[in-house]
Amino acid sequence: AQPAAPTQPAQEEKPFRVAVVMPSTITDLAFSQSFFEALKKVQEEEGGPSKFEIAYSEGMFNVPDAAAAIRDYAAQGYDLVIAHGSQYGTSLSQIAPDFPETAFAWGTSLDTFQAQGINNVYAYQAESQEGGYVLGTIAALMSKSGVLGVCGPVNAGDAKLFVDGFVAGAKNAKPDIQVNVTFTGSFSDVSLMASAAETHIAAGADMLTGSSQSVVGAIGVAKDRGAYWFGTQWEQTPVGPETVVATQVFDWTIVIRDMVKSARAGVLGGKAYTLTFKNGGLKLVYNDKVPVPDDIKAKAQETINGIMNGTIDPLSGPKQ
Amino acid sequence: MSDLLPTGHKKIEEMRMEGIVKRFPGVLANDHVNFDVKAGEIHALLGENGAGKSTLVRQLYGLYRPDEGKIFINGEEVVFHSPKDSIAAGVGMIHQHFMLVPDLTVVENVALGLPSSRGVILDLDRVRKRIELLCQQYNLKVDPYAYIWQLSVGEQQRVEILKALYRGAALLVLDEPTAVLTPQEVDDLFITLRRMADEGHALIFISHKLHEVLAISQRVTVLRDGRVVGTRPTAGATKTELAQMMVGRPVILQYEKSPLKMGDILLKVENLVVRGDRGTDALKGVSLEVHSGEILGLAGVSGNGQRELAEALAGLRPVKSGRIILNGVDVTHASPSVRIATGQSYIPEERMKDGAIKDFSVADNFILEDHAKPPFSSRTFLNFRSIRQVSERLVQEFNVKTPTIDTPIKNLSGGNIQKMILARELSRKPKVLIASQPTRGVDIGASEYIHQRLLEQRQAGTATLLISEDLDEIRALSDRIAVIYEGEIVGIVDGKTATTEELGLMMAGIREKPKA
Amino acid sequence: MAELFTLPVLLGIIYSGIRLATPYLYAAIGETFAQRSGVLNLGVDGIMLMGAYTGFYVAMKTGNLFLGLLGAATAGLLMGLLMSVVSVSLQAEQGISGIGLNLFGLGLSTLLFKVTLGGVESIRGFQPIRVPLLGQIPYLGEIFFNHNLLVYGAFLLVPLANYVLNNTTFGLKVRAVGQNPQAADTLGVNVTLIRYTTVCLGGILAGIAGASLSLALINLFQENMTSGMGFIAVALVYFGGWRPWGVLGGALLFSFVNALQLWVQVKGINIPSDIAVMMPYILTIIALTLSGRRARQPQALTKPFERGEN
Amino acid sequence: MPAKTEYTRLLNRTIEALLPLLAVPVALLIGAGMIYALGVNPFQAYGTLFQGAFGNVSGFTQSLVKATPLLLVGLGVTIAFRGGVINIGGEGQLIVGALAATAFSIGFSDLPRIILLPLTLLIAALSGAVWGGVPGVLKARLGVNEILSTVMMNAIALQLSNYLLRGPMIDPAEIERGTQIAQSDLLPQAAWLSRLMPRTLLHGGAILAVIMAVLVYIFLWRTTIGYRIRAVGLNPDAARYAGIPVQFYQALSLILGGAFAGLAGGVEVSGVHHRMIEGLSGGYGFSGIVAALFGKLHPLGAIPASVLFGGLLVGADRMQRATQVPSALITVILGLVVLFVVSSEIWARRRARRRETRG
Ligand SMILES: Nc1ncnc2c1ncn2[C@@H]1O[C@H](COP(=O)(O)OP(=O)(O)OP(=O)(O)O)[C@@H](O)[C@H]1O
Ligand SMILES: Nc1ncnc2c1ncn2[C@@H]1O[C@H](COP(=O)(O)OP(=O)(O)OP(=O)(O)O)[C@@H](O)[C@H]1O
Ligand SMILES: [Mg+2]
Ligand SMILES: [Mg+2]
């Protein structure tokens, strides 16, 4: 390993070096992939690997290993070390003070540890409930059976926000809609997620959604059984080209761009970012292959607008 | 005379082993052994534990490859890579330890490994028919559909013989076939063996019991330390002479017994009812009393409840009803440790299974029961100094042949393991000793030694229950002899006056004649 | 609670229970053969993953599901062969070699997935086939006779395995080798060959179990998509007392309870989802305590065989 | 003279213990082929592996940090194996131990350090013992196979942890902030194990683990209870005959096995994370089995074995970071290492047998 690079004011010819540690893989069609793709996009903008270097460690579901990786990247003089998983927070709060010259980032959370006197950590989070609310609206309007199924991984964090938003959106669009919610207790149990989807379909659901990398199992089932799917985090269309109706896609580029800019300017942390429809971090992407009636699309856009101008609270509904 | 056996297979006119050398790490198990057997002949093989008998015949069965030497069958050299080859050449073997699968039926055990008439699908009915035919031809009795675990030892052995006959064994090796049999079963076996010989089979018979060798064989070869001491016709040979050839020194075959000094009743069994493995009552109300200074022999055909009695006494098998009073204490439902603490010692029938831990050293095995007592420990911590001291002393005192006391006992011979167990049990100065088949499979020298020690213990006032299927042993040692049959005591007779005939009748279930 | 005891829910539970039991059945029946011959193969999960990946990849590239199945079986066979070499020939501690095999299978399937496919894609897997006549029976037809080929295969495997174990020469050898390999050896049975065969057969079936996920139940491959199903399959063998019918009972019980807990959640019954997810495991333990000492395990299970030892 | 035989015995044993480790390079060689196929220079890759594991202070301390729970779990596995039971439940026992340690120390945060810290670790061990005790008692009383029940107990512990960390035990700050991250509050400082070296995670648990290994050695080979556990493990029939209550000692070995895994969980929260988090175990329950085996199921052998195995894990992660090969490759190589090491045991065993028969 190289010795920690003495941090001079950023020199032009030196590449900016980013390292990211992720719990799942960069091909998970969800949480990790969304972030990695954004990094690559920024890399392109910055002029390729020679100008903007990316290192990553994927599949770090073991927190101590992730902590080691974070520490290691910092020691190797990476300019920005990103801990892309809420479970890494504690480790990060212990590592960051040891490397005051390095910028760190923690997702998804809004805590930059400034309260603990730490100034070199950014935090970022997606307001998943926003897209959840919109997708819930669309699903409720499209549903013929009047039953929706939500395949949750664990009832916490990003998944919880999304699920709560989805339920709220559906209920507001159609008060008599029935939304069944299940959790598998795991982010990675593809098979159990598939069974959950089966159960939802057997219980009458014709529109399904869910979060985490394990939903691919559910999409496979939905596709097989002719149900529709609403995705979140990353485009899941390849798994169900005629099944996925629409997806809330996370676009982290705005966050990454600003962190890079800020780090270059010597502000190594203390900022908390969110992805919202308003700042363009959240995008609603339709799948062309699945026709969505125009009136529903219009209603969706209206909902997005409402969320953006604050008249709709994605966790409860329109404000009076 | 035809060259076919009644089974329809070809005879082996002559089998010859020439210059067989087999080395194991550090041991020359067979040292240029020459050995032969002819059709219609029973050739006995004698020798102490570890003399190399099993090793020799295992090479004949393809289990080991000889380092040097050749094997000829009908004058042609044969090379056996595995039992498959030797079975194909007409060799069969009854192993020292039975090679049966307990959870399979007799038919399945026989059919195992044979091609089926129906291709890949078993045809057990056909196998059963042939088994029944063989049973008739060779005077064997066995239920083809019984599971092996349901069978007595004698029946299991018949299955072993059936297996060999079924495969057309023209030459049958029997490695200590009688070690586990009762006199009646031995008689039955001998009838079968003689019939086989008459019909043209060649037989190799290994035993530690000289009278058996004298009774059954035409020739006898004695091995010592892997070498042939001599081969001679059985006719004209005597026990004393053979024993001396084996051991290399004169051996006592009759014991001097001190006069009986019978004391208090130390072990009292009242109306004991115990369930056996097969779910039925193996003991149906057994009552016995053993006095201090007395050896009570328990004779019987194997499988009549001896094992269950021994296990119930040791606390290894629950008692359904009745009582066991040990040294005045009711231990009917007590754990083994309570009985041990009350002064009972037990020499188990299956020494490797119950009596010893084969991966433990000799020293560790010595403290199996008393490790939590002084001097071996201060209850919590083991005291290695005294463990070593006591072990060294016992090894010396009981003549256990072992390189060191740290040697794992799996490297000891059966006789020496038995001596180790004896040393452990007797050194505890037991009030009551249950000795179950104490010399089974043990050679003459070691048997003699064990018998002497049991008599010394009697002298010292121990109440001994000697459970044995070896009538000679029972008669030589016991003061009184109880005979067990189907879980009941048929009678108790005086050890000095009992005759083999009388005991034999009782063992067959015929009650003693009411004495005048 | 009452909402659970309606006809549609019960039918739904049975239907998904049957589907869910499929991968467990293949894997556990295969493992039954291995264990009956005395080999504990704890690496089933890793083999399933290799089967799932290979089956998916082949089916995807060739467009032929049956070739995919064949590929899965082949991958399983190779993994079984590796396990045989390690645990039969080299006499390695079986529990540990199983853990090694799991790591190997997990890693290799993920690596190959990354290198060859890159990302998750799905295919059209085996479709349900309604059995003529039987499939028309009201209710029953739907839940029992409207499944894909691999589901039928798994259930037909049970009586077949039972027959092979109990009525063929091979089955007899397997049982003997698992109980007393020395005895089998002295009768000329090739203990090593039998164990290789059963472990490889177990591997093939575990491979197919994996394919039943990637080609029939879920129709895609994702890394570690079995998430420990192989361990449950091994557990089911113990549960079933080393008998195919018992394994079937165990697999159905586990799957039904799993289906039930999902229904509990779907029906919004107020139990924390984490506790609901626990249910199948707790129930399996309870069922085990009730069935306790019923069956005796193969005497030679986990014990390597070497000639001349007794 | 006895000194000399003692010495040669030790030498022989050491050789036999090290023999299987020769298999590691063979496994790495195959891994090298794969690394090469992925377009990375294997020499450089392995260079970083060893450098990363043992080549500098930060790497080496990380290896030790990793070795600590491996050693503790491995000790539990060793005791269980010696008692003739197989404990695959380390994962669940560790989680439960960590949960209990967290709940206890937060609940009794007023206690002084000298009482709180030891008590926290003791509670961890006790609750691990309970988690191991359930399969133990089920085996002893009802003959339930422990491989099976420990696997089930792992799944239950995981869900229990999910439930507690999202509900009753969640850090109140997480609710306040609305982030809802599944983790507990911080342990009171008095319940933290001291850090041994600044800027590293090396903590007092490492020393504790080594002390435990020595204690387990003494326990197994010098005490009467240890003797019984070994007797029961080697031959339950003979042990029963000798008056040792076999089922009690089988249950006890699982209970003790659970206690050590539970302690590992306590040490992880108290030494590394200072709170209970999701994914705390990350497979230590299984890796601990491998470490125990590397150590030849001997408590003292487990010390170097876990350092080595821990180093391998740390170094392999480093190598992944340095070369950016997919992490799955690391899993493949680890799998191969385990397979090769267990396979090569046979040579050591044969050598030992040859030596023993020679007397
Ligand atoms: N598999 C083996 N490995 C190493 N040494 C062996 C092996 N089998 C036998 N031996 C050695 O060979 C010698 C002969 O043993 P063998 O079993 O032939 O004796 P035996 O005459 O059959 O004794 P017994 O009367 O006790 O049955 C013994 O000293 C033993 O140590
Ligand atoms: N695998 C082996 N390794 C080393 N020595 C062995 C082995 N197998 C047998 N022996 C040795 O061979 C000799 C005879 O073994 P055998 O199995 O014939 O037992 P035995 O002494 O006849 O006892 P028993 O007949 O009561 O079982 C013993 O000295 C034993 O130590
Ligand atoms: Mg012998
Ligand atoms: Mg013998």
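Being a predicted model, the structure only gives us computed values, none of them experimental. Every chain is numbered from 1 and lettered A, B, ... according to where its sequence line falls, protein lines coming before strand lines.
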If you compare all heavy atoms of [X] against all heavy atoms of [Y], which two are closest, and at what distance to 0.1 Å?
X        : Y        : result
C:Leu111 : D:Met34  : CD2-SD, 4.5 Å
D:Val332 : C:Gly107 : CG2-C, 3.1 Å
D:Tyr163 : C:Asp274 : CA-OD2, 3.3 Å
D:Ile346 : C:Leu90  : CB-O, 3.5 Å
C:Gly100 : D:Leu339 : C-CG, 3.9 Å
C:Ile285 : D:Ser149 : CD1-O, 4.0 Å

Q. Looking at C:Leu82, C:Leu108, C:Val115, which one has more heavy-atom pairs under 4.5 Å with chain D than the rest?
A.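 Among the listed options, the one with the most contacts to chain D is C:Leu108.
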Say you draw a straight line from [atom1] of [X] to [atom2] of [Y]; how long is it, rounded to the nearest 0.5 Å?
X        : Y        : atom1 : atom2 : answer
C:Glu223 : D:Thr331 : CD    : OG1   : 8.5 Å
D:Phe294 : C:Ile96  : CZ    : CD1   : 9.5 Å
D:Leu329 : C:Lys114 : CG    : NZ    : 11.5 Å

Q) Hey, mind stepping through D:Gln159 and C:Ile275 against side-chain contact (heavy atoms from CB on, under 4.5 Å) and telling me if it holds? A) CA-CA 7 Å; D:Gln159 295 308 325; C:Ile275 307 294; over 6 Å; no
Q: Could you check which of D:Met152, D:Met153, D:Arg166 has the highest count of heavy-atom pairs closer than 4.5 Å to chain C?
A: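 Most heavy-atom pairs under 4.5 Å with chain C: D:Met152.
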Q: Check the pair D:Glu146 / C:Tyr238 against side-chain contact (heavy atoms from CB on, under 4.5 Å), numbers first and verdict last.
A: CA-CA 10 Å; D:Glu146 77 279 7; C:Tyr238 283 87; over 6 Å; no
